[in-house]
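Have a look at the structure below before the remarks.
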Amino acid sequence: MRVLLINPKFHLPIDTRTTPHLGLAYLAAVSEKRGDEVCVFDMDVEDISLTQKVSEFKPHIVGITANTPQVKQAWLAARMIKAVMDVPVVIGGPHPSAVPDESAAKPEIDVVARGEGEYTWIELCNVVDEARGTSDLTGKALLREADRLLAPILGISYKRPDGSIQHNRARPAIEDLDSLPWPAYHYFKMERYTSLQPAIDAVDGARSFSMMTSRGCPYRCTFCSQSIMPEKWRGRSPENVVAEFRHLIKDLGAQEIGILDDSANISRKRLREICQLLIKEGLTTVPWIMINGIRANLADMETLTLMKKAGCKRTAFGVETGDEAMLVKIDKKETQDQIREAFRNGKKVGLETVGFFIIGLPGDTEESMEKTIRFAIELDPLVANFSMMTPYPGTLAYQEIINGGGKILLRDWDDYVFFEGKARYEMGPTTAEAQERKWKEAYRRFYLRPSRIMKTLARKETWLHFPRTARMALKVIFPKATKDELKPILEQSSAVSGR
Ligand code: B12
């Protein structure tokens, strides 16, 4: 069967870099294992139109991924496909999982897959394949027969023949992550991607791969969108993780590996075993980065030392706020002292550190936002990332804002990105004006300190990645700029750098 997997178009407002979509790489791998002919179409890097691809490839089933700011592009892609042929179209990913009714109601979408997708996708493929018979199964035919064909599949939503929307029961979390095949990167045009975060000697266009060594997170921070990975934390075995490291390095020529786990150090024992195995097998020369952050309260000296020895270059920590009371309010379950110690230890063992901060958490005041900026300066990570609080659907923060009489200022899903200096909501003392002013101040005060400027100029990466550095500098110097305002500057900088 021919399977088409699509990543809809989406550009980050400032930095245009992109990496292969790990979720689609997993779906491609399970489809390959099923024996399907697979095509991944990443609209961020393709140079032919989707219509042309669909006409040529003639898929039997299409899967489209979507996070919130991508979802309108995902629906558009589905409409383009349906204009060519009525192939069954399935949408999945963080946004449709959080708000399934909305996508299921769209005429161009046949099925919504909620949560982790590998087994759901395979069952859908099996159903479509078996029902194909002599002529290909159309989306309409699939929905006509929904009560028979789709009812047994866990974790999906779809339109029933009477027009109502059916939500099948949720699919339990995948217990044995070692049973999954590794992401199938050979379906991606790897040369068209750039690195997720520049490691010290990986230049733009580096062969940068992502990996998930564990899934899920037992913590429930109020701002975090958790529609995909359930509360239950599951870790792959150290042997399985290290075998994938070896595959990425030896077979695929990885120059950098980004670990995307929500919380890779929930089991410190497992993380240390991974590090020990990497050291034992001599797989420590390719830098790896904890992209998404590890828990500060579980980042002890012993673990960090081993991580460094095993080739870890950089780790992020989600700090979020510099106000102790806000830290409790967002249910982070960490203290400021634990965060301080994590940064101190990380630096001591020679790891580059990244701090994620949020400006405008529900309940944030002028004073608490000021504390966040001061805390960032005190911690002084190599990179400080200040996000505008963006209330994603399905989060506790979103509920808090709605219940608290707050006003959502976003126009549509396209705006659900948090690196633009625009307030996404306001509530009580957390006014839009204060959020935007403090966000601007945060970047300026953190990066335009003389000591920080000297440090930046002294780093060889500043010069190695000059176009990227210039784009980041623009963000600091013109922090108010929005996507539209920056468009001409970005286009010029892309033309200069050839990207
Ligand atoms: C790495 C990452 C990024 C990378 C993306 C790199 C890339 N090319 O994919 C970068 C740094 C660029 C990024 C940016 C953003 N991200 Co991000 N990111 C992540 C992170 C940490 C890991 C994603 C991942 O690979 N997961 C592992 C794979 C296996 O899971 P998956 O992709 O979700 O796919 C599985 C299921 O969703 C499902 N599935 C997905 N698609 C489909 C399709 C079909 C047909 C089916 C059947 C199933 C299915 O099956 C897959 C396999 O199980 C997640 C957190 C997380 N734990 O997932 C946040 C996360 C996805 N990001 C998030 C956000 C908010 C963003 C930004 C909007 C932030 C911003 N800048 O404003 C941008 C959007 C960028 C964009 N291009 O769209 C949110 C999404 C919330 C939402 N409602 O949309 C998440 C969930 C973080 C969070 N907890 O809040 N991100």
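What you see is a predicted model, and the numbers here were worked out from it, not measured in a lab. Position 1 is the first residue of the sequence, and the numbers go up from there. When a ligand or atom number is given, it counts from 1 through the structure's own listing order. Basis for what follows: all heavy atoms, side chains included, without hydrogens, waters or symmetry-related copies.
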Can you tell me if [X] and [Y] form a side-chain donor-acceptor pair at under 3.5 Å?
| X | Y | answer |
| --- | --- | --- |
| D331 | T222 | no |
| H167 | D101 | yes |
| Y193 | D44 | no |
| D262 | N292 | yes |
| N126 | R34 | yes |

Would you mind listing which atoms of ligand 1 come within a distance below 4.0 Å of any non-hydrogen atom of [X]?
| X | answer |
| --- | --- |
| L260 | 1 (C), 21 (C), 25 (O) |
| N292 | 21 (C) |
| E118 | 52 (C), 53 (O) |
| I228 | 33 (O), 36 (C), 37 (O) |
| D262 | 55 (C), 56 (C), 57 (N) |
| V417 | 72 (O) |
| V90 | 45 (C) |
| G92 | 40 (C), 41 (N), 42 (C), 43 (C), 44 (C), 49 (C) |

Closest candidate by heavy atom, reference [atom], pool [options]:
| atom | options | value |
| --- | --- | --- |
| atom 61 (C) of ligand 1 | G155, P94, C217, S210 | P94 |
| atom 46 (C) of ligand 1 | L27, T68, D415, T19 | L27 |
| atom 39 (N) of ligand 1 | A29, G23, G93 | G93 |
| atom 51 (C) of ligand 1 | S263, C125, G216, G117 | G117 |

Under 6.0 Å from the ring centre and within 45 degrees of the ring axis: does the NZ or CZ of [X] meet both conditions for the six-membered ring of [Y]?
| X | Y | answer |
| --- | --- | --- |
| K106 | W75 | yes |
| R295 | Y219 | yes |
| R236 | F245 | no |

query: Checking side-chain contact (heavy atoms from CB on, under 4.5 Å) for the pair M43/N7: CA distance, chi angles, key distance, verdict?
result: CA-CA 6 Å; M43 295 179 75; N7 184 34; over 6 Å; no

Specify side chain, backbone, both or neither for [X], according to which of its non-hydrogen atoms lie closer than 4.0 Å to ligand 1.
| X | value |
| --- | --- |
| N67 | both |
| T65 | both |
| S225 | both |

field: Near-ring test F386/Y443, centroid separation under 6.0 angstrom
entry: yes

Does [X] reach ligand 1 with a nitrogen or oxygen that is under 3.5 Å from one of the ligand's nitrogen or oxygen atoms?
| X | result |
| --- | --- |
| Y416 | no |
| A113 | no |
| E116 | no |
| H95 | no |

Please confirm whether [X] approaches ligand 1 to less than 4.0 Å, judged on its heavy atoms.
| X | value |
| --- | --- |
| C224 | yes |
| T120 | no |
| Q226 | no |
| P393 | no |

message: Any salt bridge linking D412 with K72? Criterion: basic side-chain nitrogen under 4.0 Å from a carboxylate oxygen.
response: yes

Lys/Arg-Asp/Glu bridge criterion (N-O < 4.0 Å) met for E118, R215: yes

query: Yes or no on ring pair (Phe, Tyr, Trp, His ring centres under 6.0 Å) for Y416 and Y392, after CA distance, side-chain angles and deciding distance?
result: CA-CA 7 Å; Y416 276 69; Y392 285 93; 5.8 Å; yes

message: Is there a side-chain contact (heavy atoms from CB on, under 4.5 Å) between I48 and F41? Walk through the geometry before answering.
response: CA-CA 10 Å; I48 66 164; F41 193 81; 3.9 Å; yes

